[in-house]
Amino acid sequence: MEVARALLGKILVHSDTGPGRGKERWAAARIVETEAYLGTNDPAAHAYRGVTPRTQVLFGPPGHAYVYLIYGMYHCLNVVTEADGTAGCVLIRAAEPFANLNGSASGPGRLTRALRIDLAHNASDLTRGPVTIREPATSEKFETAVSPRIGIREAADWPLRFYIRGNLHVSGPRGVRD
DNA sequence: GCTATGATCATA
DNA sequence: ATGATCATAGCA
């Protein structure tokens with residue numbers, strides 16, 4: 001939750017350098033919207049029902065990616081935030097295209113599609129790549145806003161969604177930007 | 001083994 | 001409001 005706020009404005013980079021591949025592919029986007037999921041105390045969190053093959057990474061060391069497939073067609077990217085043994089993550093909901101993005105990154109599904117992130121990146125170390133989160137080179141000032149979470153039924157009213165107020169790339173069915 | 005379902009999005 | 005589409009979880 002501290003992390004969710006801190007991630008706003010950071011640069012999400014995916015350098016897709018395949019061994020044996022010819023040229024390096026990479027893309028970068030500025031995070032403009034995040035959503036926090038607490039651990040076993042949060043009914044909306046995947047970790048709520050305890051450790052499973054899918055959620056084990058949530059209980060692992062922080063700084064790792066938790067990627068899963070939703071609705072059979074979209075991926076969601078999370079950052080594990082809590083210490084090893086404790087669950088907790090931040091869902092990256094939207095980003096502003098920064099470089100080499102193909103298409104929009106407004107929304108969890110679109111974001112992963114634009115950055116070409118999939119199940120292969122699950123449990124990968126976000127400090128070592130291929131997917132990394134970096135400090136912005138030129139930091140623009142912005143105002144952080146908070147709102148209820150989106151797209152869930154349980155505990156949706158929790159004010160755990162953070163976004164950059166007024167940013168055009170923030171997602172939300174109702175265009176919640178301020 | 002089998003079935004229900006979802007932290008979504010595009011289309012009508 | 002509905003459909004696309006499949007990994008996961010829960011149950012038999």
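Values reported hereafter were calculated over all heavy atoms of this structure, with side chains retained and with hydrogens, waters and symmetry mates removed. In the text below, chain A, chain B and the rest are named by the order of the sequence lines, each starting its count at 1.
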- Task: Report which part of the nucleic acid A:Arg153 touches: base, sugar-phosphate, or nothing (heavy-atom distance under 4.0 Å, all strands).
- Result: nothing
- Task: Provide the start and end nucleotides, 5' to 3', of the part of DNA chain C that has atoms under 4.0 Å from heavy atoms of chain A.
- Result: C:dA4 to C:dG10
Tabulate below the donor-acceptor pairs under 3.5 Å that side-chain atoms of residues 131-146 of chain A make, not counting sequence neighbours, or state none.
from	atom 1	to	atom 2	distance (Å)
A:Thr132	OG1	A:Arg134	NE	3.4
A:Glu143	OE2	A:Arg165	NE	3.2

- Item | Pair pattern of DNA chain B in dot-bracket, where unpaired bases get dots and | marks partners in another strand, Watson-Crick or G-U under 3.5 angstrom | ||||||.||||.
- Item | Whole-Å C1' distance, B:dT5 and C:dT2 | 16 Å
- Message: Salt bridge or not between A:Arg93 and A:Glu35? Use side-chain N to carboxylate O under 4.0 Å.
- Response: yes
- Does A:Glu82 have any salt bridge (charged side-chain N to carboxylate O under 4.0 Å, His left out) partners at least two apart in sequence or in another chain, and if so, which? none
- Message: Could you check whether any side-chain heavy atom of A:Arg161 comes within less than 4.5 Å of a side-chain heavy atom of A:Val170, counting everything from C-beta outward?
- Response: yes
- Query: Do any of residues 69-80 of chain A sit with a heavy atom less than 4.0 Å from DNA chain C, and if so which?
  - Reply: A:Leu69, A:Tyr71, A:Gly72, A:Met73
- Residue set satisfying salt bridge (charged side-chain N to carboxylate O under 4.0 Å, His left out) with A:Glu154, at least two apart, ordered chain then number -> none
- Note on the structure: Residues passing the ring pair (Phe, Tyr, Trp, His ring centres under 6.0 Å) test with A:His75, sequence neighbours excluded, are none
- With clusters built from Ile, Leu, Val, Met, Phe, Trp and Tyr whose side-chain heavy atoms come within less than 4.5 Å, directly or transitively, what are the remaining members of the cluster of A:Tyr37, listed by chain and number? A:Leu91, A:Ile152
- Besides A:Ile11, the hydrophobic cluster formed by Ile, Leu, Val, Met, Phe, Trp and Tyr side chains linked at under 4.5 Å, directly or via other members, contains A:Val13, A:Phe98
- Of all of residues 41-60 of chain A, which get a heavy atom below 4.0 angstrom from DNA chain C, listed by number? A:Arg49, A:Thr52, A:Pro53, A:Arg54
- Query: Can any side-chain N or O of A:Arg149 pair as donor or acceptor with the backbone N or O of A:Ala36 at less than 3.5 Å?
  - Reply: yes
- Query: What salt bridge (Lys or Arg N to Asp or Glu O under 4.0 Å) pairs are there with at least one residue in residues 95-122 of chain A, not counting sequence neighbours?
  - Reply: A:Arg30-A:Glu96
- Message: Quick check: do A:Leu77 and A:Leu115 have side-chain heavy atoms less than 4.5 Å from each other?
- Response: no
- Message: For a quick test of reading the model, state the closest non-hydrogen atom pair linking A:Val80 to A:Val57 and the distance between them.
- Response: CG2-O, 3.5 Å
Which side-chain N or O atoms in residues 44-53 of chain A pair as donor and acceptor under 3.5 Å with protein atoms at least two apart or in another chain?
from	atom 1	to	atom 2	distance (Å)
A:His46	ND1	A:Tyr66	OH	2.8
A:Thr52	OG1	A:Arg54	N	3.3
A:Thr52	OG1	A:Thr55	N	3.2
A:Thr52	OG1	A:Thr55	OG1	3.1

